[in-house]
Q: 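Attaching a single structure in C-alpha cells format; questions to follow.
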Amino acid sequence: MSGKSELVGGWIAKADSDLLAGQLLSKSGPYDIVCFHAQQAMEKLLKALLAFCDQPQPRTHDLEELQRLVLAVHESKELADLDLFEASDYAVMARYDLQFWPDEETAAGALSLAADVKQIILAILAAESPDDSEE
C-alpha cells in the first residue's frame, strides 16, 4: 500500500506546488502563467484520485478527459458538476497561444476552480482512506 500512498501523495504535493506558484503570481501576474499553474494543479489532483482508485494516470492535459476517467470509477456529484472545459486549454494556451493574455479576474477564477477541485478530491480521499489508527 505504501507505493500507492506515495504515488497519491506525490501527485497531491505537486498539485500543491502548482497552486502555491499560482497564488504567488496572482498578486501581480503574469496571469497567463497563473492560469497554467491552476490547470496543472487540477490535472495532478485528478491524477491523484485516479491513482487512489488503482487506475492509470494518462499523459494528457485534458481535464475533461481526466474528469470522465475519474467519474467512471468514482461517483461524485460535486466533481461531475464542475465545468473544466475552459481550464483544460490553459495548459497549452499559456505556453503557445500568442494571443492568450488573461486578466486578473480570469486568473482568479482559474485558481478558485483549482481550489474547488482540491477540496472535492481531498474530501473523497479522506472519506475513502482507511483509518490509520486501526492499523
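Just so it is clear, the model here is predicted, and its values are computed rather than measured. What's counted below: heavy atoms across the whole structure, side chains too, no hydrogens, waters or symmetry copies.
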Q: Mind listing the closest non-hydrogen atom pair of A38 and A114 along with its distance?
A: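 In this case the closest contact between A38 and A114 is O-CB, 3.8 Å.
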Q: Check step by step if side-chain contact (heavy atoms from CB on, under 4.5 Å) holds for D97 and V92.
A: CA-CA 7 Å; D97 184 340; V92 175; over 6 Å; no
Q: If I compare all heavy atoms of P56 with all of P58, which pair ends up nearest, and what's the gap?
A: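 Shortest heavy-atom separation between P56 and P58 comes out as O-CD, 3.3 Å.
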Q: For a quick test of reading the model, state the closest non-hydrogen atom pair linking A107 to V34 and the distance between them.
A: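 For A107 and V34, the tightest heavy-atom pair comes out as CB-CG1, 3.6 Å.
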Q: So, taking the atom named CD1 in I12 and the one named NZ in K14, what distance separates them when rounded to the nearest 0.5 Å?
A: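 NZ of K14 is found 14.0 Å from CD1 of I12.
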Q: Any side-chain to backbone donor/acceptor pair from Q67 onto L79? Under 3.5 Å, distance only.
A: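 Looks like yes, one N/O pair under 3.5 Å.
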Q: Do Y31 and M93 belong together in a cluster built from hydrophobic side chains that touch within less than 4.5 Å?
A: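 They do not share one cluster, since no chain of ILVMFWY contacts under 4.5 Å joins Y31 to M93.
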Q: Counting only N and O atoms by type, is there a donor-acceptor contact under 3.5 Å from the side chain of K4 to the main-chain atoms of F52?
A: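 Answer holds: yes.
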Q: So, taking the atom named OH in Y90 and the one named CG in L84, what distance separates them when rounded to the nearest 0.5 Å?
A: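 Between atom OH of Y90 and atom CG of L84 there are 11.0 Å.
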Q: Heavy-atom distance under 4.5 Å between the side chains of Q40 and E43, does that happen here?
A: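 Yes, at least one pair of side-chain atoms sits under 4.5 Å.
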Q: Between the main-chain N or O of I121 and the side-chain N or O of E78, is there a donor-acceptor pair closer than 3.5 Å?
A: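 No.
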Q: Taking all heavy atoms of D83 and all of L113, pick out the closest pair and write down the distance.
A: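 In terms of heavy atoms, the two residues are closest at O-CD2, 3.8 Å.
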Q: Could you pull out the closest heavy-atom pair between S76 and L71, with the gap in Å?
A: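 Here S76 and L71 meet closest at O-CD2, 3.6 Å.
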Q: Who pairs with R68 by side chain to side chain donor-acceptor pair (under 3.5 Å), at least two apart in sequence or on another chain?
A: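 Side chain to side chain donor-acceptor pair (under 3.5 Å) list for R68, sorted by chain: E65.
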Q: Using 4.0 Å as the upper bound for N to carboxylate O, is an ion pair formed by D32 and R95?
A: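 Salt bridge: no.
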Q: Does a donor on one side chain and an acceptor on the other come within less than 3.5 Å for H74 and E128?
A: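 Yes.
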Q: Could you tell me whether the side chain of L66 reaches within less than 4.5 Å of the side chain of T60, counting heavy atoms only?
A: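 Contact flag for T60/L66 side chains = yes.
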Q: Can you measure from OG (S26) to NE2 (H37) and round to the nearest 0.5 angstrom?
A: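 So the gap between those two atoms works out to 11.5 Å.
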Q: Got a salt bridge between D81 and K77, using NZ or NE/NH1/NH2 to carboxylate O under 4.0 Å?
A: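 Salt bridge present between D81 and K77.
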Q: For Q57, what residues pass the side chain to side chain donor-acceptor pair (under 3.5 Å) criterion, not counting sequence neighbours?
A: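 Counting only residues at least two positions away or on another chain, Q57 forms a side chain to side chain donor-acceptor pair (under 3.5 Å) with W11.
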Q: Would you give the length of the straight line joining atom NZ of K118 to atom CG of L125, rounded to the nearest 0.5 angstrom?
A: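 It is 11.5 Å, given to the nearest 0.5 Å.
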Q: What heavy-atom pair brings F36 and A94 nearest, and what distance separates the two atoms?
A: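 Smallest interatomic distance, heavy atoms only, reads CB-CB, 3.6 Å.
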Q: Testing the 3.5 Å rule here: is there a donor-acceptor pair between the side chains of Q39 and H61?
A: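 Looking only at side-chain atoms, H61 and Q39 do not form any donor-acceptor pair under 3.5 Å.
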Q: Side-chain heavy atoms nearer than 4.5 Å, only ILVMFWY residues, links allowed to pass through others: does that put L19 and V8 together?
A: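 Cluster IDs for L19 and V8 differ.
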Q: D18 vs K44, test: side-chain contact (heavy atoms from CB on, under 4.5 Å). Steps then yes/no.
A: CA-CA 9 Å; D18 277 309; K44 291 164 186 157; 2.5 Å; yes
Q: With rounding to the nearest 0.5 Å, note down the distance linking CG in L63 to CG in L45.
A: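 Going from CG on L63 over to CG on L45, the span is 10.0 Å.
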Q: Taking atom OG1 of T106 and atom CG of L111, what is their separation to the nearest 0.5 Å?
A: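 Those atoms lie 11.5 Å apart.
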Q: When you measure from the side chain of S112 to the backbone of G109, do you find a donor-acceptor pair of N or O atoms at a distance under 3.5 Å?
A: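 No.
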Q: Test of understanding: clusters of I, L, V, M, F, W, Y form through side-chain heavy atoms closer than 4.5 Å, transitively. Do L46 and L82 belong to the same one?
A: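 Same hydrophobic cluster.
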